[in-house]
Amino acid sequence: MSKKNKFALATMILIGIGIFFYSIRDISYRTILGELAHLHYGWLAVALICMLLSVLCEGFVVKILLKRQFPTYSLKDALRIPLIEALFNGITPFSSGGQPAQLFALLQSGVDAGRATSILLMKFVVYQSMIVLNFIVCLFLGFHLIADKLHVMVFLLIFGFLIHLAVILGLLLVMYWYDFTKKALNLCLKPFKRFISRERYTRIEKLVNEKIDTFYLESLELKSNYRLLFKVSLVTLVQLFFYYIIPYFILLALHVDHASILLVMTLHVLIVMVISLFPIPGGAGGAEYSFSLIFSTFVNSGSKLVLAMIIWRVITYYLAMFGGMVALVITPQKYNKNI
């Protein structure tokens with residue numbers, strides 16, 4: 001990890017500590033200690049297990065995608081990939097560092113750059129598709145139940161959904177209407193000729209076309225293997241299920257047992273969608289605010305709500321990042337490609 005990334009990690013930890021202390025500023029420590037003493041640690045353990053199972057499912061996705069050319073690729077090394085992704089997603093704006101970090105981790109274990117890029121592309125397309133699918137389902141199932149609680153967040157939810165949907169539609173356009181998409185994007189670049197130098201415009205145009213060409217070539221394998229695509233999509237849905245259900249068990253741990261499991265999962269899907277819009281690494285600040293605002297639907301006690309938010313953030317964000325730090329120092333086995 002570079003000095004810049006170490007600094008970013010330390011900064012995010014300090015910001016997190018600052019947010020936690022700010023959240024409990026009006027709550028006595030005796031009250032917090034009392035809530036901790038009465039926690040149902042069995043349900044808290046279930047929430048933790050759900051997070052671990054979510055990471056495990058993502059590891060299985062990596063292993064499944066590598067199985068044909070690297071049949072001996074171990075689950076231990078496959079698990080390094082989502083953990084390292086979580087670490088770098090958590091310390092970079094808009095989670096932009098996750099993809100390069102995963103690529104580096106795969107290269108470390110002997111996977112060639114072309115194959116690694118193809119795997120990450122398929123993983124990204126499937127994950128984004130399942131995120132959008134889950135959001136649409138949740139809108140139909142539970143949005144009307146919490147619309148009055150969202151207020152201004154409604155616009156953030158719609159905006160977040162449109163961004164994710166645009167990404168998927170853009171990828172599908174390149175995959176299935178390559179020539180049209182390439183011409184359309186080049187046409188969209190034309191107006192920028194008036195504002196930038198010719199050399200810079202030529203450089204940008206070349207870069208965009210290279211990215212489109214690379215994505216299209218990698219997508220050919222994605223289109224030719226629908227059985228693999230279905231299998232990976234199914235495992236990804238299970239992965240997201242375990243992740244989205246975590247707040248429900250946190251509420252049970254706090255003895256909030258009147259919440260509907262479907263509604264809690266719907267709320268968590270919406271929170272994840274909102275967090276993706278915040279440019280600050282890990283959605284710091286926005287994530288905590290969104291959770292506190294939305295889950296106040298179930299939790300009337302201020303101390304319980306703050307504690308629920310802290311536990312949720314530790315399990316879903318900080319735990320994964322620390323797992324990524326451990327994964328970074330583990331040297332993976334070198335694998336040979338099965339021709």
Side-chain angles (χ1 to χ4, degrees), residues 51-90 95-134 164 167-168 170-172 174-176 178 211-244 320 323-324 326-328 330-339:
M51 184 63 200
L52 296 176
L53 287 173
S54 179
V55 174
L56 182 65
C57 286
E58 192 169 352
F60 272 117
V61 167
V62 175
K63 186 172 171 61
I64 291 167
L65 292 172
L66 284 166
K67 186 175 181 181
R68 191 177 68 179
Q69 292 182 306
F70 297 88
T72 60
Y73 204 93
S74 71
L75 181 59
K76 175 179 74 70
D77 288 329
L79 283 171
R80 287 182 73 246
I81 311 305
L83 288 172
I84 290 173
E85 176 194 14
L87 171 60
F88 284 89
N89 276 345
S95 303
S96 57
Q99 289 292 330
Q102 288 182 93
L103 178 60
F104 176 75
L106 286 170
L107 294 175
Q108 277 186 314
S109 58
V111 182
D112 61 277
R115 182 60 186 159
T117 303
S118 178
I119 286 168
L120 295 179
L121 167 67
M122 191 178 295
K123 183 170 171 283
F124 176 76
V125 171
V126 170
Y127 184 78
Q128 288 294 318
S129 300
M130 295 305 105
I131 287 281
V132 170
L133 178 63
N134 274 279
H164 284 275
V167 169
I168 293 299
L171 294 173
L172 291 175
V174 175
M175 289 171 65
Y176 293 98
Y178 167 71
K211 293 293 183 182
I212 293 172
D213 292 341
T214 301
F215 178 82
Y216 175 71
L217 291 173
E218 296 296 342
S219 71
L220 293 176
E221 181 178 355
L222 186 65
K223 292 191 294 182
S224 65
N225 201 335
Y226 285 104
R227 186 177 179 182
L228 177 64
L229 189 60
F230 175 77
K231 191 174 182 180
V232 171
S233 298
L234 192 60
V235 177
T236 302
L237 276 176
V238 176
Q239 170 200 338
L240 290 172
F241 169 80
F242 283 124
Y243 183 78
Y244 289 142
V326 173
L328 270 182
I330 296 175
T331 304
Q333 180 182 335
K334 283 281 186 179
Y335 296 91
N336 294 317
K337 189 175 180 180
N338 186 22
I339 307 297

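Just so you know, these numbers use all the heavy atoms, side chains as well, and skip hydrogens, waters and symmetry mates. Heads up: numbering here begins at 1 and tracks the sequence.
Listed by chain and residue number, Leu56, Leu75, Val235 satisfy the side-chain contact (heavy atoms from CB on, under 4.5 Å) test with Phe60 (two or more places apart in sequence, or in another chain). The side-chain contact (heavy atoms from CB on, under 4.5 Å) search around Ala86 returns Ala320, not counting sequence neighbours. Under the ring pair (Phe, Tyr, Trp, His ring centres under 6.0 Å) criterion, Tyr335 pairs with Tyr73, not counting sequence neighbours. For Lys123, the salt bridge (charged side-chain N to carboxylate O under 4.0 Å, His left out) criterion is met by Glu58, Glu85, not counting sequence neighbours. A search for side chain to side chain donor-acceptor pair (under 3.5 Å) contacts involving Tyr127 returns nothing, not counting sequence neighbours. Remark: Tyr216 pairs with no residue by the side chain to side chain donor-acceptor pair (under 3.5 Å) rule, at least two apart or across chains. Here Phe242 pairs with nothing under the ring pair (Phe, Tyr, Trp, His ring centres under 6.0 Å) rule; sequence neighbours left out. Applying the side-chain contact (heavy atoms from CB on, under 4.5 Å) rule to Phe124 yields the partners Gln99, Gln128, Val167, Leu171; only residues at least two apart in sequence or on another chain are considered.
Put simply, the side chain of Leu172 does not reach to within 4.5 Å of the side chain of Val125, judged on heavy atoms. Between Leu83 and Arg80 there is no side-chain heavy-atom pair separated by less than 4.5 Å. Between Val62 and Gln102 the shortest side-chain heavy-atom distance does not fall below 4.5 Å. Counting only heavy atoms from C-beta outward, the side chains of Tyr178 and Asp213 approach each other to under 4.5 Å.
Of all non-hydrogen atoms in Leu79 and Val55, the two that sit nearest each other are CD2-O, 3.6 Å. Taking every heavy atom of both residues into account, Val238 and Cys57 meet most closely at CG1-SG, 3.8 Å. Pairing each heavy atom of Val61 with each of Val232, the nearest pair is CG1-CG1, 3.7 Å. Nearest heavy atom pair, residue Ser233 against residue Leu229, reads OG-O, 2.7 Å. Residues Leu103 and Ala116 approach most closely at CD1-CB, 3.5 Å, considering heavy atoms. What you find for Leu107 and Lys334 is that their closest heavy atoms are O-NZ, 3.9 Å.
A donor-acceptor pair is defined here as one N or O able to donate and one able to accept, closer than 3.5 Å; such a pair exists between the side chain of Asn89 and the backbone of Gly98.
Remark: Thr72 OG1 to Phe70 CZ distance equals 9.0 Å, nearest 0.5 Å. The line from CG of Leu328 to CG of Leu87 is 5.5 Å long, rounded to the nearest 0.5 Å. Taking CD1 of Ile330 as the start and CD1 of Ile84 as the end, the distance is 8.5 Å to the nearest 0.5 Å. From Leu120, atom CG reaches atom CG of Leu65 across 9.0 Å, with rounding to the nearest 0.5 Å. Considering CD of Gln108 and CG of Asp77, their distance stands at 10.0 Å, rounded to 0.5 Å. The CG atom of Leu237 sits 9.5 Å away from atom OH of Tyr244, with the distance rounded to the nearest 0.5 Å.
Listed by first and then second residue, the salt bridge (charged side-chain N to carboxylate O under 4.0 Å, His left out) pairs involving residues 231-243 amount to none (not counting sequence neighbours). For residues 101-111, no residue pair satisfies the salt bridge (charged side-chain N to carboxylate O under 4.0 Å, His left out) rule, not counting sequence neighbours. Sorted by first and then second residue, the pairs that involve residues 101-118 and meet salt bridge (charged side-chain N to carboxylate O under 4.0 Å, His left out), not counting sequence neighbours, are Asp112-Lys337, Arg115-Glu221.
Under a cut-off of 6.0 angstrom, the local environment of OH in Tyr176 is crowded, with over 12 non-hydrogen atoms contributed by other residues, nucleotides or ligands.
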Passes side chain to side chain contact (heavy atoms under 4.5 Å, CB included), Thr117 versus Leu106? Steps please. CA-CA 9 Å; Thr117 303; Leu106 286 170; over 6 Å; no

